[in-house]
Number of protein chains: 2
Amino acid sequence: MSLVQLESFVAVAEAAHVGRAAARLRVSQPPLTRRIRSLEDELGVPLFERSARGMRLLPAGERLLVHARRILDAVAQAHDEVRRPGAALPEPE
Amino acid sequence: MSLVQLESFVAVAEAAHVGRAAARLRVSQPPLTRRIRSLEDELGVPLFERSARGMRLLPAGERLLVHARRILDAVAQAHDEVRRPGAALPEPE
DNA sequence: GGCGGCGATACCGAAACGGTATTGGCGATC
DNA sequence: GATCGCCAATACCGTTTCGGTATCGCCGCC
């Protein structure tokens, strides 16, 4: 499981379409399809139901979505705070 | 920033040696050195102080360590709960 | 039954990654 | 203060991963 996979997953979940999610992520559709599939393979659980009108989250996908957002938020926060010179941890000289 | 980078960072921070961390992660030393450096480059902040006796966390590294552990924990938890059939979210059919 | 839009696949070129071998540099030792 | 040893950093190369273009197959809609 990688952050790219999680980011892709959230985008597809929100767009409910691989194609639209791909446009939003500025990649083409095939890589995104592969990322989702590799994520499902890795977890051993299908996350979406595919249909001719798009992608619909399955229960496992709903559960993952909550975690994925939390993880991506934590990453963004880490990214911000590391640069911030206002240290949270004092350094004993 | 990738999960592999964060995992590598935590390992190096805990071991205080790239070599030992590499052994623990079952990779050789050079890739680990590169992961740390690419992470520093990406964040634009040095995370370790290098010396002839190993690596020592700098303040920015101390801050990142807290976040990195939280992120990796969240990933592990997501990994677990997604498989778990005991759904947390009901599905409105 | 034909058309349009969707995701899945095949294929190929480029980029990322890991390993082995080597270098460079600081610290401890005598 | 020269030498040896341990550490991270770099060079180089083979492999693998990844993304893009082109295409396929399928279902819903008109």
Side-chain angles (χ1 to χ4, degrees), chain A residues 1-62 64-65 68 71-72 75 79, chain B residues 1-62 64-65 68 71-72 75 79 82 93:
Chain A
M1 181 154 40
S2 74
L3 294 177
V4 171
Q5 280 174 323
L6 291 180
E7 181 187 31
S8 304
F9 166 74
V10 171
V12 171
E14 289 178 349
H17 289 261
V18 177
R20 297 208 178 269
R24 181 145 75 85
L25 295 176
R26 313 276 185 173
V27 292
S28 58
Q29 172 253 319
L32 205 48
T33 291
R34 286 188 294 247
R35 288 180 196 168
I36 300 299
R37 170 162 270 266
S38 73
L39 184 57
E40 291 177 322
D41 289 351
E42 195 179 320
L43 293 173
V45 177
L47 301 170
F48 290 99
E49 178 195 334
R50 277 84 166 164
S51 81
R53 285 203 320 288
M55 312 276 282
R56 214 176 103 195
L57 276 176
L58 293 174
E62 297 276 4
L64 179 60
L65 186 56
I71 291 164
L72 294 175
V75 169
H79 201 282
Chain B
M1 181 155 41
S2 75
L3 294 176
V4 171
Q5 280 174 322
L6 291 179
E7 181 187 32
S8 304
F9 166 74
V10 171
V12 171
E14 289 176 351
H17 289 259
V18 176
R20 296 209 178 270
R24 183 147 73 86
L25 294 176
R26 314 276 185 173
V27 292
S28 59
Q29 172 253 320
L32 205 48
T33 291
R34 287 188 293 247
R35 289 179 194 169
I36 301 299
R37 169 162 271 266
S38 73
L39 183 57
E40 291 177 322
D41 288 351
E42 194 178 321
L43 293 173
V45 177
L47 301 170
F48 291 100
E49 177 194 333
R50 277 85 166 164
S51 82
R53 285 202 320 288
M55 312 275 283
R56 213 177 105 196
L57 275 176
L58 293 174
E62 297 277 5
L64 180 59
L65 186 56
I71 292 164
L72 295 175
V75 168
H79 202 281
V82 168
E93 181 146 348

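Here is how names work: the chains are called A, B, and so on, in the same order as the sequence lines, proteins then strands, and each is numbered from 1.
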Does [X] reach the side chain of [Y], with side-chain heavy atoms less than 4.5 Å apart?
X	Y	value
A/R50	A/M55	yes
B/V27	B/R35	yes
B/V82	A/L47	yes

Taking CZ from A/R26 and P from D/dG20, how many angstroms apart are they, rounded to a whole number?
-> 13 Å
Under the side-chain contact (heavy atoms from CB on, under 4.5 Å) rule, what do A/V18 and A/I36 come out as? Steps first, then yes or no, please.
-> CA-CA 9 Å; A/V18 177; A/I36 300 299; 5.6 Å; no
Check [X] against [Y] and note the closest heavy-atom contact, atom names and distance.
X	Y	result
B/A21	B/A15	N-CB, 3.9 Å
B/Q5	B/L39	NE2-N, 3.6 Å
B/A68	B/V10	CB-CG2, 3.7 Å

Got a sec? Which of residues 27-38 of chain A come in under 4.0 Å of DNA chain D, heavy atoms?
-> A/V27, A/S28, A/P30, A/P31, A/R34, A/R35
Write out all pairs satisfying salt bridge (Lys or Arg N to Asp or Glu O under 4.0 Å) with one or both partners inside residues 17-30 of chain B, taking only residues at least two apart or from two chains.
-> B/E14-B/R24
Which atom pairs link the protein and nucleotides 5-7 of chain D when you take only N or O atoms and keep those under 3.5 Å?
none

Residues passing the side-chain contact (heavy atoms from CB on, under 4.5 Å) test with B/R34, sequence neighbours excluded, are B/P30, B/P31
Begin from the C-alpha positions of B/L64 and B/V45 and carry the test side-chain contact (heavy atoms from CB on, under 4.5 Å) through to its verdict.
-> CA-CA 11 Å; B/L64 180 59; B/V45 177; over 6 Å; no
Under the side-chain contact (heavy atoms from CB on, under 4.5 Å) criterion, do B/V75 and B/E7 qualify, and how do the steps go?
-> CA-CA 11 Å; B/V75 168; B/E7 181 187 32; over 6 Å; no
Please find the earliest and latest nucleotides of DNA chain C, in the 5' to 3' direction, that have an atom within less than 4.0 Å of any heavy atom of chain A.
-> C/dC6 to C/dC11
List in numerical order all residues of residues 8-15 of chain B for which some heavy atom is under 4.0 Å away from an atom belonging to DNA chain C.
-> none
Does any N or O in the side chain of B/E40 come within less than 3.5 Å of the main-chain N or O of B/F48, such that one atom is a donor and the other an acceptor?
-> yes
